[in-house]
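Working notes, structure below.
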Amino acid sequence: MNILSHSAQPVKRHWYGTVHSGRLKSMTQTLPNTLIDRFGRRVDYVRLSVTDRCDFRCVYCMAEDMTFVPKPKVLTLEEMHELGRAFAELGVRKIRLTGGEPLIRANVMSLVRQLGQLPGLDELVLTTNGSQLQRLAGELREAGVKRINISLDSLHSRRFRHLTRHGNLDQVIAGIDEAVATGFKRLKINAVILKGRNEDEVLDLVNFARERSIDVAFIEEMPLGHIMEHDRALTLCTSDELRDVISARYPLTSLGEPDGSAGPARYYSMVDSRSRVGFISPHSNNFCHLCNRVRVTAEGRLLLCLGNEHSVDLRAVLRAPNYTPQLLKQRIVAAMDIKPEKHHFDNRGEPDIVRFMNMTGG
Ligand code: SAM
Ligand code: SF4
C-alpha cells in the first residue's frame, strides 16, 4: 500500500474517507505534536474499542443475534498499544477503553497496564457494563485507570435482565460497590432511559448514585444500528424531560456549559450531595463545535465522528509490510482533514448509522 501517494488528486481511502495527498506529502519531514482538524478543533481524546463482543445484548445497542468481526480482523493487543503510543505522541491526552465490553477481552489487563504507562497521557479511563468489575476493579486502579463509567439502566433484576438480555443485576451492583471501595478519582453511572421501559426509574438511579457519592449521566438513545425491540421514535426520552423529573425532587444547579473537557455532557450539582447529574443530549443539544475526540473500532477503523461514516483504515497501515510508527502517525494526522463538522441524528425512521454502538465504541 502506497501511503504517500504522489497523485495530485484526492486519494480515496478505505471505507468512506478521502485524504488529500498533498497533506500526506507535506508531512514526510516533520509531524505536528497536536492533532487539529480543518475546523480548528484540537483532537486530544481517543475512544478505543478493545472488542466488539459483549456478554450483554442491551436492547438499544445490539440485535439479539449479532455477527461479530472475525477474530483475525480484530486488532491484537500489541497493535492497540502501538496505536495508543502514536496518539499520545500526537498530543492525545486521554484514552477511553470501551467496546463491546472491554473487560471480557482475554488479557485486556496487559493492554491497560501498557497504556497506563504511556508518557504524555494524562488520563486512561474506561466504560464498562460492570459485569467484571468485582474481579478487576483493584487491578484497573493499579494499572493507572482514574475514572470509570458504568452502564446501569435498571435497579429491578427482571427488568435489568430484559434490557440487557443476559445481564445479572446483582453482579453489576457488586462490581460498582467494589469500584467505590477501591477509590477511583471518579465513578459515573450511565443510563439510557426509554419511554415505557425504565422511565419510572430515573429518580431511583439518581438515589443509587447519591448513596454512593458517585455521578450519574442520562444518555439520549442514538439511532445506531437496526434494532427490532422497540421503535426509537416512540421511546426517546429527552434530557429536558428527565431534568424536569429530577429537579422536581432535587433542585439542580448548572455547572456551566460543556467546555470540551467534560465531553458533550451538561452537568448539574445538587445542594445536599457530592454526586453530579449529567445529560448527554445528541438530539436536543448538539455540541459538535466542541468535539475533541475520535474513535478507533476493534478492527482498527479510525472513526472521525460518532454520527457519520468518515473513517480511515489504520489496521491496513499497522499490517502493511512497510509499517513504521511514522507512517501510522502520518495517516492519523492526514485523517483530521475528513473529520466532519457535525452529526444530524434523527430517531424518526431508519437508523442514521447502520453500524451498532458496540462496533462504534460508545
Ligand atoms: N459495554 C460497555 C458499556 O455498556 O458501558 C461499553 C460499551 S457501550 C457501547 C458504551 C455506552 O454506550 C453505554 O453507556 C451504553 O448505554 C451506550 N449506548 C449503547 N447503544 C446506545 C444507543 N443506541 N444510544 C445511546 N447510547 C447507547
Ligand atoms: Fe454490551 Fe455495552 Fe452494548 Fe450493552 S451497551 S450490549 S453492555 S456493549
Side-chain angles (χ1 to χ4, degrees), residues 47-66 68-69 96-105 108 125-133 136 140 145 147-154 160-169 171-172 175-176 179 187-195 197-198 205 215-233 235-239 242 263-265 278-284 293 295-298 303 306-307 343 345-347 350-362:
R47 297 168 81 110
L48 179 60
S49 177
V50 171
T51 174
D52 63 330
R53 289 166 168 75
C54 188
D55 48 345
F56 293 2
R57 296 282 183 281
C58 299
V59 293
Y60 47 77
C61 176
M62 289 198 190
E64 183 142 29
D65 195 11
M66 290 289 288
F68 294 106
V69 176
R96 177 175 298 280
L97 300 178
T98 180
E101 175 45 44
L103 297 184
I104 63 162
R105 171 124 190 208
V108 68
V125 297
L126 175 80
T127 300
T128 174
N129 65 21
S131 69
Q132 309 302 311
L133 263 187
L136 292 176
L140 286 164
V145 173
R147 298 190 289 125
I148 303 186
N149 292 348
I150 306 151
S151 301
L152 179 67
D153 303 322
S154 174
F160 184 82
R161 170 73 63 153
H162 281 138
L163 286 169
T164 60
R165 296 202 185 97
H166 296 291
N168 177 328
L169 178 64
Q171 190 182 342
V172 170
I176 294 170
L187 294 175
K188 182 176 69 155
I189 301 298
N190 275 343
V192 177
I193 301 295
L194 306 176
K195 275 206 174 93
R197 296 208 71 155
N198 60 348
L205 287 163
D215 294 342
V216 57
F218 296 95
I219 311 173
E220 289 178 348
E221 186 183 9
M222 289 173 258
L224 302 176
H226 278 282
I227 53 164
M228 305 298 284
E229 273 263 339
H230 56 262
D231 178 345
R232 282 174 167 144
T235 51
L236 177 68
C237 282
T238 66
S239 297
L242 301 182
F279 300 94
I280 300 171
S281 325
H283 292 277
S284 46
R293 64 199 58 195
R295 295 170 166 81
V296 182
T297 69
L303 282 173
L306 177 64
H343 65 68
F345 281 138
D346 167 9
N347 262 18
E350 289 297 295
D352 290 15
I353 298 291
V354 290
R355 66 182 135 80
F356 286 96
M357 189 65 139
N358 71 304
M359 287 296 302
T360 303

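Order of appearance sets the numbers: ligands from 1, and atoms from 1 within every ligand.
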Query raised in the report: Do we see a donor-acceptor contact under 3.5 Å between the side chains of S131 and E101?
Result: no
Just which atoms of ligand 1 are under 4.0 Å from any heavy atom in [X]?
X: N190; result: 14 (O)
X: T98; result: 6 (C), 7 (C)
X: G99; result: 7 (C), 9 (C)
X: V192; result: 16 (O), 26 (N)
X: E101; result: 1 (N), 2 (C)
X: C61; result: 19 (C), 20 (N)
X: E220; result: 25 (C)
X: T128; result: 2 (C), 3 (C), 5 (O)

**Report entry** ligand 2 versus C58: contacting region, heavy-atom distance under 4.0 Å
**Finding:** both
Please report the closest heavy-atom contact between [X] and [Y], naming both atoms and the distance.
X: Y60; Y: E221; result: CB-OE2, 3.2 Å
X: D153; Y: N190; result: OD1-O, 3.9 Å
X: L169; Y: L152; result: CD1-CD1, 3.8 Å
X: F68; Y: D52; result: CE2-O, 3.2 Å

Query raised in the report: Under 3.5 Å, N or O to N or O, is Y60 touching ligand 1 that way?
Result: yes
Query raised in the report: Do any N/O atoms on S151 end up under 3.5 angstrom from N/O atoms on ligand 1?
Result: yes
Query raised in the report: Taking atom OG of S151 and atom CG of L163, what is their separation to the nearest 0.5 Å?
Result: 12.0 Å
Requested in this report: Could you tell me whether N149 approaches ligand 1 through its side chain, its backbone, both or neither, with non-hydrogen atoms closer than 4.0 Å?
Outcome: neither
Query - 4.5 Å side-chain heavy-atom contact, Q132 and D55 - result: yes
Report task. Could you check if a side-chain atom of R96 sits within less than 4.5 angstrom of a side-chain atom of N149, using non-hydrogen atoms only? Result -> yes
Query - Heavy-atom nearest neighbour of atom 2 (Fe) of ligand 2 within options S49, P102, C54 - result: C54
Query raised in the report: Does G100 have a non-hydrogen atom less than 4.0 Å from ligand 1?
Result: yes
Query raised in the report: Heavy-atom contact under 4.0 Å between G100 and ligand 2?
Result: yes
Report task. Mind running side-chain contact (heavy atoms from CB on, under 4.5 Å) on E220 and L236 for me, showing each step along the way? Result -> CA-CA 7 Å; E220 289 178 348; L236 177 68; 4.1 Å; yes
Report task. Start with the C-alpha distance between T98 and T127, add both sets of side-chain angles, then the distance that settles side chain to side chain donor-acceptor pair (under 3.5 Å), and finish with yes or no. Result -> CA-CA 5 Å; T98 180; T127 300; 4.6 Å; no
